[in-house]
Amino acid sequence: MAKPKGKSLQQRYKYPLPIHPIDYLPSVILHNPVSWVYWAYCFWKATNIPSKRVHIEFEGGVNFPHIVVQDKDDMKYLWKNGFFGTGQLSRSEPTWLERQEGASKERSNDLALEKITERRRIQRLEFKKERVKLEKQLLDLRRNGGNIEQENALLVQEREMLRMFKQRQQEEGLGDNNSVVEESMIEGTAVDHEYVDIESLELMSVEATFLSFALPILDISPKVLLSRLFGPSNDITYGDIHKFITHYVTYHHYRSLGWCVRSGIKFGCDYLLYKRGPPFQHAEFCIMVLDHDKSKDYTWYSSISRVIGGAKKTCVLCYVERLLPEDQIVEYWRTDNFIKLFGSYRVGEVIYKRWIPGKNRD
Amino acid sequence: MVNKIRISVVVQGTDASDLVLTPLIFKLEDVERARKLGVCGILAGTLPTAAQQNMFLSVPLKLMAEEAIWLFLSGHAEVVHLRSPTSSLIGNLIKENLESLQAANESKLQESFRLQRQFKVEQHRLKLESLGRLPPGGELPHDPQIDSLIDSSLFVETANSSSILSKLSSKQQQDGCIDAQIINCMIANYSNWDNYLLYQSLRENGYVLSPGARFGGLYIAYPGDPLRYHSHITVQPAIDYYKEGIDLTLLTSGARLGTSVKKMWVIGGVKNYGTKQEELRKPKAPADVSFFSIEWAGFG
Amino acid sequence: MTEQLENEVFSQDGTIADSDVEEDELVQDWSQIAKIAKSNGALTIPKRGEKDYEPDGTDVQELLLYKARKELFDTLANSVRGSTVKAQVKALYVADRHGAVVPHARGNFLQTMGKVDFSDGQVWLSFYEFVYLSERGTVTPYWGGQSVAGENNDSLLPLSIEDLYILFKTQHELDNFAVYAHLRRLGFIVNPVSPSDTSFYPNCPSAPRTGVTSIYRAITSMFFLRKNSLFNNIFYKQWHYCFCKYTRTPQIYEKLKLLVPSISVPKTIEDLKGFYGSQQDYAEGQLTLTFNVWKPQTNFKKKHPPLPDYQVVVYNKNQRGAHFPTFDELQNIFRHLDYKFQFLSEVADDEFSWDDHSYIVGKPRSDVIASERKSKDKKDPKTPAKNPSAKKSKKRQLPPHIQQLQRLRNGYSSFLLAVIDNGIISFVRISQADFASENVWYVPPKDGLRKKPFNDRKKRAN
Amino acid sequence: MDPCSSDGDDRLYLEELVEKSLIHLQLWKDVVVEDKLVVWKGVPVRLLTGCPPHVLSHDEKPADGIGREYILPVNMTQYKEEQVTLAFLDIVFSELCAKDTKRIILAIVNTDGTVVFYFVYNGVHKPKRN
């Protein structure tokens, strides 16, 4: 895939946010009143809200839910308008399919691999069902006051059963890789490289919150989103949501200043700040989110600052301070008052940089 | 046992939680012996001949608490602890022993002067000889001007280690029970037993350890004397073996950093509780320590 | 050892320090320093010695190790502390004052060190100065007695380095000394932070204003909250798009910005004055500003020093009870800063004279220096009046977005944190930052793009 | 909500993501989820095995000599902690790996869905020589 350069890059990433400004109004000609009316009509009809919302799915369990976007156009849209989300099989922009199509001229068995995954996915689903049954048994046992030995016995049983299940699948030939590869290779040539895009765009919780709460982009309300992520709001304690809130507040803070904020995990930090976005320049700043009244072991500071310094980036410690009591925050959460909730935190920043005496003598 | 490495420690106050100042070694031969045992410490004093840089320094040697404790528990060192206020301790020692201290100092100084004079006269003689003003092997004529010149160029040395402290009576010296207390103070003030056990375990596996904060760790470890070998690992502070989750953010950045500088990122903890104190009494017993070494897999 | 040699090493230190930090080892190739110490000037830059991966049991390796150690210990043994009888300067430690008196003071060190006690007319060294100069061999340390009048000077007894180190009273003092000596060795001028120094502020706050600040904080945070909810209640409701139409992206950003309040930092002289006035007493066990540090300079005025270039906080990361400062603690350190706020002179368009912006007991330093020079000139008319600050350097005007990036990268007020890890010292510069004061959002150019049917969201929906 | 089965869902999805990443992004062959499982803090944990497209490190051959590697998928601590303790790693080595296995690969699934891979060696291990 040829990388878009210069002007085309500007064109492609014209909008820094998925809400577009109304910048397509006709021009007003002073001596022509009709143009005024036409302008007013266009203005009245125009809206910033996109006509179709992006649909998200939740994958995994409740402890580590993953938020994914599967529609190809949606994926592209989120990426192009502010660089939201990460392709699970790419490093940032979801380009897996394009890469596959590009590569397929040389290697056709990628298709095979992808088909295997598809079959695996089905297998896994069946497997999942089996497990759910067993787990239900376990839960019943727990509810009925079963003891540890009984529980262990059940787990052993479960293990055995899972093994048998797998074995059965293998015997059915589905688990046998080689035969599938051969089979689908033939298929692949016949179908003329019709790829199924198996890549999803995954959103960080803070990104999804931003796209639901701050901007009306996702087809989910902040309330539903957050209860999917953190469970029913009636059971919430402050400890459950503190970390998320401080991270969201930080994310929102930088987003609202115009930064493109992305996960900084590869540099061991919370966020990376890009001035426009990854295609334009390298990230300039690494953000660590901290509680304003906490302090970590020095090893932590030295370790992250070395990694960040090694990448020639600037390390920013972003401290978040809660301005209201915990129970007030929990109350806001329960009553879905996210405006007041996020607005009850304040950020303060310092820059942390190693200093070398020998370089600063004159 | 004779001639143990002498570690000086100043203690403030009288109970176990008292503050102990960094353990120090002042005698060059002690620094050398500790180094041969794999305890390098950090030289922290100005090197008088190159006093305008920080790379090459001289005594005192500053020890990590772990190093001092290891040297002591393995029987290589004695800990001379001095109770604060030390100025009155020194003042009293001087008062009580003034004459003998001065006499010793004077004779040392004169002996040094005698040697220097002898050396300088010989130098001067050789110089004249080479200029042809003196026959080979000839006697130097007495010249008061030269003598005073030589006298004013005599060198007065400031010693590394104390002669005053040698006057400490055995009563003022420590006994074994106080040593144990000092050890506890050091741990309480500068480390913890889990960290010590990691140190001990690595030490007994032949590693030489240095302070590691600059490298994102508690220690860095070398396979031998750092003078000759690259360091191999960055050791993280001990975590609770059973309860504490490894900080995966730290692991990610630490291991990536480690890969770029060819160091393993090592994390460890102590498996069994309750035995630490007793184990310390028999330092040769292997600590029940579990380590994992982490590096980037090279992809992803 | 000669001055020349010291200068050589001095000038090369930059490289030494760099390699020290960039490379990951404790670089100690003593064969090189041994050459420096012996060869009196003709030297090579100490390079990193070739090291091995691990011990391999060979004799060659054993020999190399033996040699490396021998060089180290030979150098240490041959590097003798002290001075010649002729050049000897005696310094006498007096326990009650925890400092040393120098009866016959002479030498270069007096330019930046030592203080004349007007009650006895004697030059006194602080304990750090005393130990540092003794280690270098510049002064010879002696026991001067419990108090000044206490003992007779005939019974002088020289002290050893060990004696001096034992006289450190606390771990903190020992750590501070390590930092002091580290910076001194590099040529920096270092003094403890003391209230009598030259100040950036015309009048230092007389008393801490704990009460006032906390009220101020409470009020501002209330204000933040109220101000925000007004706007936000509307913006975050989706129906507001029905009547709010944004024709430019920045309008949306402006609204988004109102949600999260952030702490703004002092950026002007006025800001700084207000901020400094809001300082609180340091809490028990909190790290505090310890040293004022000046870059190496030749005509340092000990009596009326200029504002320091840096201020240093010393932090022993291994000591029980010590912790890396929390944000509140960092803020309080920032509130105490009183140094050459570099960012002010970088922002200023015209010539910024620090002497006009520093005060000695309320008077501008430039006036004090000028009046002193006058009286000095009367006594000694030969000395020409010099103005060392008349250094004209044309500032390059960088493009605004680069300037913005620099502001973001450097932050505003800063201090140095000296981190002690068992004898290894490293420094961290911690500066106040304020991202909220800089918008970096992208504004698409209006021209040329207007007529395009670009809203692909719309397109796809059809 | 059933806490037990949702933990299971988390693990299953984790395995799926890591498998997908290994096969489609890292181009590994022969990736399988192993049957053996241990229950750790109420959650069943399994390893994946597979063959990398090329030798990963020359200093250390994988356990079985033919190039199969063990992979342990874990979630990056997000807003809840996943307890990768030392005790847990010891159990993984002793219960899920062949005897005397020196290393496994830790596959960390990030909050943004990307997967990063780290070698975890049992005990103190030397770094690569070059």
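Bear in mind that the values here come from a model prediction, so they are computed numbers and not experimental data. Residue numbers start from 1 in every chain, and the chains themselves are labelled A, B, ... in the order their sequence lines are given, proteins ahead of strands.
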Take a 6.0 Å sphere around [atom1] of [X] and say whether it holds more than 12 heavy atoms from other residues, nucleotides or ligands.
X: K223(A); atom1: NZ; result: no
X: F275(C); atom1: CZ; result: yes
X: K76(A); atom1: NZ; result: no
X: K317(C); atom1: NZ; result: yes

Quick check on the interface: out of [options], who has the most heavy-atom pairs with chain C under 4.5 Å?
options: E284(A), R255(A), H253(A), K296(A); result: E284(A)
options: T299(A), I19(A), D297(A), N360(A); result: N360(A)
options: G309(A), G277(A), P16(A), S305(A); result: P16(A)
options: L290(A), I351(A), T314(A), L17(A); result: I351(A)

| field | Which atom of H252(A) lies closest to which atom of V260(C), heavy atoms considered | value | CD2-CG2, 4.0 Å
| field | Shortest non-hydrogen contact between P357(A) and H182(C), atoms and distance | value | CG-NE2, 4.2 Å
Is [X] close to chain A through its backbone or its side chain, or both, or neither, when contacts mean heavy atoms under 4.5 Å?
X: L183(C); value: side chain
X: Y253(C); value: both
X: T249(C); value: both
X: E329(C); value: neither
X: L330(C); value: side chain
X: P250(C); value: neither
X: V419(C); value: side chain
X: H401(C); value: both

| field | Distance (rounded to the nearest 0.5 Å) between D309(C) CG and R361(A) CZ | value |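 If we round to the nearest 0.5 Å, D309(C):CG and R361(A):CZ are 13.5 Å apart.
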| said: Below 30° counts as parallel, above 60° as perpendicular, anything between as tilted: where do the rings of Y315(C) and Y298(A) land? | reply: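 Perpendicular: the ring planes of Y315(C) and Y298(A) meet at over 60°.
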| request: Heavy atoms only, distances under 4.5 angstrom: which of F324(C), W441(C), F188(C) has the most pairs with chain A? Name it, please. | output: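 Among F324(C), W441(C), F188(C), the one with the most close pairs to chain A is F324(C).
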| said: Under a 4.5 Å cutoff for heavy-atom pairs, which residue among L408(C), D434(C), N410(C), V265(C) has the most contacts with chain A? | reply: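 That would be L408(C).
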| field | Centroid separation Y442(C) to Y13(A) less than 6.0 Å | value |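 Between Y13(A) and Y442(C), which both carry aromatic rings, the centre distance is not below 6.0 Å.
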| For the rings on W355(A) and Y310(C), is their centre-to-centre separation under 6.0 Å? |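 That pair passes the under 6.0 Å test.
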| Has the side chain of S262(C) got a donor or acceptor atom that lies under 3.5 Å from a matching backbone atom of V347(A)? | no
| Verdict with reasoning, Y301(A) to L417(C), per side chain to side chain contact (heavy atoms under 4.5 Å, CB included) | CA-CA 12 Å; Y301(A) 301 88; L417(C) 185 72; over 6 Å; no
Do [X] and [Y] have side chains that approach each other closer than 4.5 Å (heavy atoms only, starting at C-beta)?
X: V440(C); Y: L273(A); answer: no
X: L405(C); Y: F285(A); answer: yes
X: Y352(A); Y: V428(C); answer: yes
X: L256(C); Y: F210(A); answer: yes
X: L257(A); Y: E438(C); answer: no

| message | If we check side chain to side chain contact (heavy atoms under 4.5 Å, CB included) with F327(C), which of these qualifies: L317(A), V350(A), D293(A), V320(A)? | response | V350(A)
| query | What residues, two or more places apart in sequence or in another chain, satisfy side chain to side chain contact (heavy atoms under 4.5 Å, CB included) together with I189(C)? | reply | T112(C), R184(C), W294(C), Q297(C), F300(C)
